[in-house]
Amino acid sequence: MECELRLLDPDVRNSAELLAELLHPEFSEFGVSGRRWDRESIIEAVADASAPTGRAITTMRMKGVQLAPDLVQLTFDTNTNGRLAHRSSLWRLTEDRGWLLYFHQGTPYED
């Protein structure tokens, strides 16, 4: 959960280097827009789109389930400037870099 919250921090989102530290080399995402992202494209898009004065994304109802000794699924909701999304993340434990985000999916919803 700590790593997921770091990913939502504006300081991390504004830094391609800090973002890369949290993403698995084989990272992929199905975004809220429906687009499929890989590691390089999401780093470029998030770091370019985030403003230095951006607010942190609000999270709600975050919970985690350990699926295997080296795999955790987090589910939670976010509010990004009024845009709501259900989210699911898979985090893998690596020997050399610790917990890294392996897969993420966001699905928009209305209140």
Side-chain angles (χ1 to χ4, degrees):
M1 286 184 186
E2 179 182 321
C3 291
E4 187 77 52
L5 293 173
R6 281 189 61 216
L7 273 176
L8 300 175
D9 183 302
D11 291 335
V12 173
R13 296 179 73 78
N14 288 323
S15 168
E17 183 178 306
L18 293 176
L19 241 128
E21 289 177 5
L22 292 168
L23 299 181
H24 192 278
E26 298 174 19
F27 170 82
S28 66
E29 174 175 336
F30 296 131
V32 172
S33 66
R35 179 175 173 180
R36 184 178 186 135
W37 300 87
D38 63 16
R39 186 176 188 274
E40 292 74 27
S41 63
I42 199 71
I43 289 171
E44 183 178 324
V46 171
D48 286 349
S50 297
T53 58
R55 295 184 319 204
I57 297 168
T58 304
T59 61
M60 303 153 289
R61 297 179 283 281
M62 187 178 284
K63 68 178 185 176
V65 175
Q66 188 165 1
L67 303 174
D70 64 345
L71 186 65
V72 170
Q73 180 186 31
L74 295 180
T75 55
F76 57 102
D77 294 335
T78 58
N79 183 333
T80 308
N81 298 321
R83 290 185 355 197
L84 302 173
H86 298 301
R87 298 192 176 270
S88 178
S89 295
L90 292 176
W91 287 85
R92 294 186 79 174
L93 183 60
T94 63
E95 287 185 28
D96 57 333
R97 295 179 47 210
W99 289 101
L100 298 177
L101 183 59
Y102 182 76
F103 177 80
H104 181 78
Q105 180 168 355
T107 304
Y109 76 94
E110 294 184 16
D111 216 6

side-chain hydrogen bond (donor to acceptor under 3.5 Å, both in side chains) pairs touching residues 17-33, sequence neighbours excluded, are none
Residue set satisfying side-chain hydrogen bond (donor to acceptor under 3.5 Å, both in side chains) with Asp38, at least two apart, ordered chain then number -> Ser41
Taken to the nearest 0.5 Å, the spacing of Leu8 CG from Cys3 SG works out to 11.5 Å
Scanning both residues in full, the closest heavy-atom pair of Thr78 with Thr59 reads CG2-CG2, 4.2 Å
So CE of Met62 and CG of Leu5: to nearest 0.5 Å the spacing works out to 4.5 Å
Rounded to the nearest 0.5 Å, the CZ atom of Arg13 sits from the CD1 atom of Ile57 at a distance of 4.0 Å
Salt bridge (Lys or Arg N to Asp or Glu O under 4.0 Å) pairs touching residues 73-101, sequence neighbours excluded, are Arg61-Asp77
Contacts satisfying side-chain hydrogen bond (donor to acceptor under 3.5 Å, both in side chains) that involve residues 65-76 (not counting sequence neighbours) are Gln73-Ser88
Note: with side-chain heavy atoms under 4.5 Å as the link, the other cluster members for Phe30 come out as Val65, Leu67, Leu71, Leu90, Tyr102, Phe103
Residue pairs passing the ring-ring contact (aromatic ring centres under 6.0 Å, His included) test with at least one member in residues 62-96, sequence neighbours excluded, are His86-Tyr109
In this structure, CG of Leu100 is separated from CG of Leu22 (nearest 0.5 Å) by 7.5 Å
- [ ] Spell out, yes or no, whether Val32 and Leu74 are grouped together once hydrophobic residues are joined by side-chain heavy atoms under 4.5 Å, including indirect joins.
- [x] no
Taken to the nearest 0.5 Å, the spacing of Asp11 CG from Leu18 CG works out to 8.0 Å
>> I want to check something: taking the side chain as every heavy atom from C-beta on, are Ile42 and His104 in contact at a cut-off of under 4.5 Å?
In response: no
To the nearest 0.5 Å, atom CZ of Arg6 lies from atom CG of Leu19 at 9.5 Å
